[in-house]
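In what follows, a structure is listed as structure tokens, so that the remarks can point back to it.
What you see is a predicted model, and the numbers here were worked out from it, not measured in a lab. Labels below follow one simple rule: chain letters A, B, ... track the order of the sequence lines, proteins then strands, and each chain is numbered from 1.
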Amino acid sequence: MEETIDPECDGDTIIRFREVTKVYPLPGGDVVALDKVSLDIGKGDFIAIMGPSGSGKSTLLNLMGCLDTPTAGTLCIRGKNIRGMSDEDLTILRRDYLGFIFQQFNLLPLLTALENVQYPLILKTGSRECRERCRVVLNAMDLDESLFSHKPSEMSGGQQQRVAIARALVNDPEILLADEPTGNLDTKTGAAIMHLLDDLNRDRGKTIIMVTHDPSIAEYAHRVIRIVDGKIS
Amino acid sequence: MHSLMFFELAQRNVRLHWLRSLLAILGIIIGVVTIVSMGILGNSLVLAISDSLSTVGDSIIVTPHVGGMGFGGSQSSNLLSDRDVEQIRRAAAPHVTIPVYSGSSRMKIGSEDTVGTIYGLKPDDIPVLLEVDQGSYLRGASGAMVGATFAEENEIKVGSRISLGEMGSVRVVGILKERGMGFDINPDFGIVVEDQWFKQAFGQEEYNQVIVKVNDLNKIEEVKDSIDRTMNRKETVVDVIDTRAILETILTTFGQISTFTTVIGGISLIVAGVSILNIMLMSVTERIKEIGVIRSIGTQRKEVLRMFLYEALILGLIGSSIGGALSIIGGYAVSMVMLQTTEYLFVPSSLVYIVYGVGFGLGTSLISGLYPAWKASNLNPIEALRHE
């Protein structure tokens with residue numbers, strides 16, 4: 001992947017949206033999911049994205065996560081314009097600099113907790129000699145060692161989400177993208193997970209962007225972005 | 001190292017759905033066993049025929065032309081004169097030319113009556129064409145050599161006497177070695193007498209055919225052309241048949257039959273391939289969300305493709321290996337049933353069908369896995385993540 005910095009992407013921000021539009025062509029007519037959105041996110045920010053269903057929250061998160069590219073406008077991630085990037089380069093960007101935390105945890109059912117954490121690290125380094133590092137990351141999530149050899153189906157929701165966070169962190173990404181990270185957890189476990197994310201932001205300087213419906217969860221963020229009908233309000 | 005991880009993932013998925021994997025493997029086993037068994041049977045058939053015919057593959061047979069009467073033309077003679085034989089001898093020189101009388105007659109052996117073929121040959125020519133098993137070659141004018149099958153069927157031994165009615169009788173001086181089916185003469189089912197005796201007994205002056213033994217197989221075409229030029233200059237007097245060409249035609253025909261049966265066997269492999277395609281598509285559909293997750297956390301398209309291809313490869317590898325091993329039993333069984341012998345089973349040209357079968361099994365599995373793997377690798381990660 002080229003390391004050239006786009007002049008439009010220059011600056012102190014880690015994520016920059018400039019007049020970003022995302023249109024989905026559908027048989028019934030084009031759907032504008034994001035309409036000329038401009039936004040700057042600095043290193044170490046903790047952002048909550050809120051808005052009603054269908055407002056464009058997920059589209060915004062997908063674009064930040066390089067799972068999709070804008071129809072128009074400039075989207076810079078770590079100083080690089082992702083518009084026009086190849087699928088291979090976008091995948092490398094996701095693997096090396098972005099960590100994903102999902103509402104449904106999305107651990108790989110065939111792998112144990114430790115192997116789930118190993119997976120992205122092997123993708124990045126090509127080496128399987130990384131068990132120790134994975135153990136350290138899992139330990140930092142307050143997970144009992146006895147669970148490391150368990151499959152996801154043998155763990156509780158909270159335990160699975162901790163493993164998912166460990167998986168997101170194992171490649172030491174600069175940005176963590178969380179889609180309703182407590183949506184499938186009870187209040188107590190949700191709070192514990194949010195404390196964990198808060199610590200990662202405060203102690204390790206991770207930039208966290210989180211989509212949530214829950215105002216009490218949004219309170220952990222430094223800034224709340226509200227989005228309605230594809231526009232930031 | 002990525003490859004090892006993806007291979008391991010594929011392996012675990014095959015194990016997780018062990019029943020359907022087993023059924024797909026079973027399909028490949030059946031396909032490979034069928035294709036290999038048919039191939040071995042066909043090859044054994046060709047080898048068996050080749051073995052029984054190859055002893056006569058070095059001859060040119062000259063027979064009187066039997067093309068019938070043309071408009072205004074005269075019918076050719078049904079026999080070859082001494083002059084014809086001499087002309088053939090000169091055209092074929094330095095190769096050995098053997099004129100042959102042949103006919104059939106009722107014979108009485110002891111108290112049993114039978115009918116058999118009688119060949120009249122010059123005593124000097126007999127060792128060139130035939131091998132003696134018991135007794136000796138012809139010496140006197142009233143002796144006879146008997147074909148192996150004829151001797152066995154009629155319990156004829158050296159010293160036995162065969163009566164040919166008014167033509168007289170002959171004493172058996174030798175039993176011939178079994179020669180197998182031939183395009184020139186078939187003495188296994190008859191007797192061979194001295195040419196002069198035959199002339200007298202049958203009252204026949206002219207020959208039925210001339211056999212030219214060509215020592216150098218590469219010269220067959222040349223000798224054949226030479227005889228044809230000499231004898232058929234103005235009109236077609238004789239038919240010149242090259243036994244090697246007949247042999248090759250027969251072997252090619254059997255080879256084609258063998259290929260056809262192998263292709264029929266291949267259909268079962270295609271069915272197995274469709275079954276792999278089916279279970280792989282099922283596997284992709286079941287794992288759409290998982291594909292979305294691994295793509296979102298940094299797995300390349302080509303790596304997803306590889307992971308699914310490994311699954312097809314594992315199924316193919318297990319199925320083909322077991323199928324290859326069982327093919328030996330299958331080949332043994334069909335050879336025993338169809339040919340009553342397994343002597344052609346462990347020859348390289350038969351065993352190579354196991355390699356082909358295993359190769360086709362693997363190839364079919366991989367080809368069947370291609371589309372599902374391609375489909376998986378081209379899934380949109382966002383849509384895949386949304387899939388429930």
If you count heavy-atom pairs within less than 4.5 Å of chain B, which of Thr125(A), Leu123(A), Leu98(A), Asn171(A) leads? Leu123(A)

Using non-hydrogen atoms only, which part of Leu16(B) is less than 4.5 Å away from chain A: side chain, backbone, both, or neither? side chain

Residues at least two apart in sequence or cross-chain that pass ring pair (Phe, Tyr, Trp, His ring centres under 6.0 Å) with Phe346(B), listed by chain then number, are none

Asp45(A) versus Thr207(A), side-chain donor and acceptor atoms under 3.5 Å: no

May I have the list of side-chain donor-acceptor pairs in residues 271-278 of chain B shorter than 3.5 Å, sequence neighbours left out?
none

Answer yes or no: is there a side-chain heavy-atom contact under 4.5 Å between Arg162(A) and Asp142(A)? yes

Identify which part of Leu111(A) has an atom lying under 4.5 Å from any heavy atom of chain B, answering side chain, backbone, both or neither. both

Proximity breakdown for Gln118(A) and chain B, heavy-atom pairs closer than 4.5 Å: neither

Region of Leu385(B) in contact with chain A, defined by heavy-atom distances below 4.5 Å: side chain

Report, by ascending residue number, the residues of residues 58-71 of chain A in heavy-atom contact with chain B at a distance under 4.5 Å; give 'none' if the set is empty. Asn62(A), Leu67(A), Asp68(A)

Tyr97(A) ring centre to Arg78(A) NZ or CZ under 6.0 Å, with the angle to the axis within 45°? yes

Name the option with the most non-hydrogen atom pairs under 4.5 Å to chain A; the candidates are Lys289(B), Arg287(B), Arg295(B), Glu290(B). Arg295(B)

Heavy-atom contact with chain B under 4.5 Å, split by part of Pro173(A): neither

Without hydrogens or angle criteria, can the side chains of Arg83(A) and Thr74(A) be said to hold a donor-acceptor pair below 3.5 Å? no

May I ask you to check whether Thr299(B) and Tyr119(A) show a side-chain donor-acceptor distance below 3.5 Å? yes

Judged by modelled atom types alone, do Gln159(A) and Ser156(A) share a side-chain donor-acceptor pair under 3.5 Å? yes

Can you list the residues that meet the side-chain hydrogen bond (donor to acceptor under 3.5 Å, both in side chains) rule with Lys375(B), with sequence neighbours excluded? none

